[in-house]
Q: 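Here it is, the structure, as structure tokens.
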Amino acid sequence: MAEAKIIRADTLGEPNYDSPLKGQINRFYNGEAVACNDRTKDFADLESIDDIDYFELAGPREKLFFNPKNVTVGIVTCGGLCPGLNDVIRALTFCSLQSYGVKRVLGFKYGYEGLVAKYYHYPIELTTDNTDEIHEKGGTILKSSRGAQDTDEIINTLIHYGVDILFTIGGDGTQRGARDIVEGVKKRNLPIAVVGIPKTIDNDIDLIQRSFGFETAVEATWDIITNAHSEAKAYRNGVGLVNLMGRESGWIAASASLANSNVNFCLVPEVPFDLHGPNGFLQHLKTRLQNKEHAVVVVAEGAGQNLFDALLGTNKSGNKNLNDIGILLKNEINAYFKAENMEANVKYFDPSYNIRSRRANANDSMYCLRLGNNAVHAAMAGKTNMIVGLHHDRLIHLPIPMVGARKTIDPQSWFWQTVVQATHQPAQMANS
Ligand code: ATP
Ligand code: MG
């Protein structure tokens, strides 16, 4: 039987300073943990509940590593847009300045470029005045970028501006970059904390229950699917085709299909499908049109990559360049029904940027505030090399080296079976 262990974030050293939150709040977190097993097990397989690991809970610590009044905080946003970025920037700024009274907060512009001197993107000083309304808009006031930057140069900039704590708001690439900064900082023996706030609209980080912006994204799909349905119903054999985000996991497409169950086909990366043949998607679409004269199809951008002859390599960030499944489906549906001598009217919706650039909804805003505040609590206590995130409904510190695995939809799960049931699509649309 394996020994249970508590998984903790790295720390820079002994916390010796009293938290200025003393008196403001009546509860500190110092030694609590949450079980890190979110997989269900058959009772028979459950040898012992003791072999489950635990994650350290996030929350304000009574003793701090940093003396707040001497602290300079840096914030950077990298990668693609996601609803809630400005909310996180605001929460980090307010919590640092108002709750802890740090010396100053610097916003580095254009992602990691802003931490490399040769780009001349000077940081801006963030205050409670200039950030108080930023959550009312989408995007990121700090701007963003992709592309690799030199870690040593980034650390030189941190030293130059006297940054003690760096908050990295971004996706998998950003947190890999954060890990490199942690390693560089360790090598140079510098007391700099690096804490990430993970950003992925696709909600695809393993162990993290929900990422900020995901819920806003799903909410935004509701109207789009309704409109696709209206378009589809307005024409003979209308097909409302909606291309949604989801590079390697189809959480948005699947959740959108459950939220607005006018969807008849939901195509996700986790469930490969064929286009042609007796059990291919096009045959099933034809049957649907023959029966109902309209159909709504939702496809995640990473679905159906098996249909393309060759992958197109990687982009500047090292992400796989995906073939455009939305355009392929649109063309294939048109060509198929033409060959079948059957009228079909495809209306194509590709709302990706419309969704990514939205402001966060209320629940995501609340989540962003909690993530931001807890990232500050962790960093002030000297925690580093970690991200904050929700796990089993509790905010935890997840060590960056544990970030990496994708959370994907298990086609055998009840969740996916519910999608199959709600759409009434065949469980398999493959010929072999
Ligand atoms: P998105 O969800 O939009 O892909 P992301 O954070 O993954 O967000 P990227 O463009 O991949 O976005 O990366 C953002 C930054 O992180 C880039 O500036 C890049 O230099 C850095 N980065 C990406 N991959 C690595 C890596 N393997 N090692 C170090 N830094 C990296
Ligand atoms: Mg990425």
Side-chain angles (χ1 to χ4, degrees), residues 74-86 88-89 107-119 121 123 138-140 142-158 166-187 194-206 208 210-214 216-217 244-252 269 300-302 313-322 352-353 355-358 364 368 371 375 385 387-389 398 400-408:
I75 306 176
V76 66
T77 55
C78 315
L81 289 188
C82 176
L85 285 167
N86 282 335
V88 176
I89 296 168
F108 291 93
K109 294 201 297 188
Y110 293 104
Y112 286 140
E113 272 188 20
L115 283 151
V116 176
K118 70 175 181 204
Y119 293 101
H121 302 313
T140 160
L142 295 181
K143 306 172 190 298
S144 189
S145 73
R146 295 190 183 278
Q149 303 302 337
D150 185 273
T151 307
D152 277 327
E153 289 188 45
I154 291 177
I155 297 170
N156 290 343
T157 305
L158 295 177
L166 179 67
F167 293 113
T168 55
I169 313 170
D172 51 344
T174 306
Q175 305 316 337
R176 277 195 291 273
R179 184 201 55 203
D180 291 351
I181 298 170
V182 168
E183 278 165 18
V185 156
K186 243 189 233 166
K187 255 187 225 150
V194 182
V195 171
I197 298 90
K199 169 212 70 95
T200 155
I201 202 166
D202 295 348
N203 195 24
D204 58 354
I205 305 176
D206 200 27
I208 298 293
R210 180 181 131 216
S211 52
F212 73 83
F214 169 72
T216 305
L244 294 178
M245 293 82 74
R247 294 181 74 87
E248 286 171 65
S249 16
W251 296 106
I252 292 180
E301 64 187 321
T314 55
N315 70 12
K316 218 169 147 186
S317 304
N319 294 328
K320 247 184 353 196
N321 277 329
L322 301 180
S352 167
Y353 292 121
I355 296 176
R356 291 178 193 278
S357 56
R358 285 167 80 100
D364 267 329
C368 290
L371 288 170
N385 202 14
I387 61 169
V388 282
L398 182 66
I400 289 180
M402 288 184 72
V403 183
R406 296 259 177 214
K407 183 171 64 181
T408 54

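Atoms within each ligand, like the ligands themselves, are counted from 1 in listed order.
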Q: Heavy-atom contact under 4.0 Å between R179 and ligand 1?
A: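 No.
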
Q: Below 3.5 Å, N or O to N or O, backbone or side chain included: is there any such pair between G170 and ligand 1?
A: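 No; every N/O pair is 3.5 Å or more apart.
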
Q: Using modelled atom types only, decide if a donor and an acceptor are shared between the side chain of Q175 and the backbone of G170 within a distance under 3.5 Å.
A: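 Side chain of Q175 to backbone of G170: a pair is present.
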
Q: Could you list which atoms of ligand 1 come closer than 4.0 Å to a heavy atom of Q149?
A: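 Ligand 1 atoms under the 4.0 Å threshold to Q149: 20 (O).
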
Q: Check side-chain hydrogen bond (donor to acceptor under 3.5 Å, both in side chains) between R179 and all other residues, then give those that pass, not counting sequence neighbours.
A: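 With neighbours one apart ignored, the set is empty.
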
Q: Does an N or O from S145, backbone or side chain, lie closer than 3.5 Å to an N or O of ligand 1?
A: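 No, since none of the N or O atoms of S145 sits under 3.5 Å from an N or O of ligand 1.
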
Q: Looking at the Mg ion (ligand 2), which N/O/S atom of D172 is the nearest one?
A: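 Of all N, O or S atoms belonging to D172, OD1 is the one nearest the Mg ion (ligand 2).
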
Q: For A148, counting its heavy atoms only, list the atoms of ligand 1 lying under 4.0 Å from any of them.
A: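 Matching atoms, with element in brackets: 20 (O).
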
Q: Who's closest to atom 16 (O) of ligand 1 heavy-atom-wise, of S211, G173, P198, S144?
A: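 Going through S211, G173, P198, S144 one by one, G173 has the nearest heavy atom to atom 16 (O) of ligand 1.
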
Q: Are the side chain of T77 and the backbone of I169 linked by a donor-acceptor contact shorter than 3.5 Å?
A: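 Flag not set: sc T77 to bb I169 has no pair under 3.5 Å.
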
Q: Mark up the atoms of ligand 1 that fall under 4.0 Å of a heavy atom belonging to C78, in ascending order.
A: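 Per the distance check, 14 (C), 15 (C).
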
Q: For ligand 1, which atoms have a heavy atom of G177 less than 4.0 angstrom away?
A: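 Those of ligand 1 that fall under 4.0 Å from G177 are 29 (C), 30 (N), 31 (C).
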
Q: By side-chain hydrogen bond (donor to acceptor under 3.5 Å, both in side chains), which residues pair with D202, not counting sequence neighbours?
A: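 Partners of D202 under the side-chain hydrogen bond (donor to acceptor under 3.5 Å, both in side chains) test: none.
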
Q: Mark yes or no for whether D364, through its side chain, and F212, through its backbone, hold a donor-acceptor pair below 3.5 Å.
A: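 Flag not set: sc D364 to bb F212 has no pair under 3.5 Å.
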
Q: If we set the cut-off at 4.0 Å for heavy atoms, which region of D180 has an atom near ligand 1: side chain, backbone, both, or neither?
A: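 The part of D180 near ligand 1 is the side chain, not the backbone.
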
Q: For ligand 1, indicate whether the residue R146 contacts it via side chain, backbone, both or neither (heavy-atom separation under 4.0 Å).
A: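 Both backbone and side chain of R146 come within 4.0 Å of ligand 1.
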
Q: Any donor-acceptor pair under 3.5 Å linking the side chain of S357 with the backbone of G138?
A: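 Looks like no, no N/O pair under 3.5 Å.
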
Q: So is Y112 polar-close to ligand 1, meaning N/O to N/O under 3.5 Å?
A: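 No - when backbone and side-chain N and O of Y112 are compared with those of ligand 1, no distance drops under 3.5 Å.
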
Q: Looking at side-chain heavy atoms only, is the closest gap between L85 and K199 below 4.5 Å?
A: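 Answer yes - side chains close enough.
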
Q: Determine whether a donor-acceptor pair (N or O, by modelled atom type, separation under 3.5 Å) exists between the side chain of D204 and the backbone of R406.
A: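 Looks like no, no N/O pair under 3.5 Å.
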
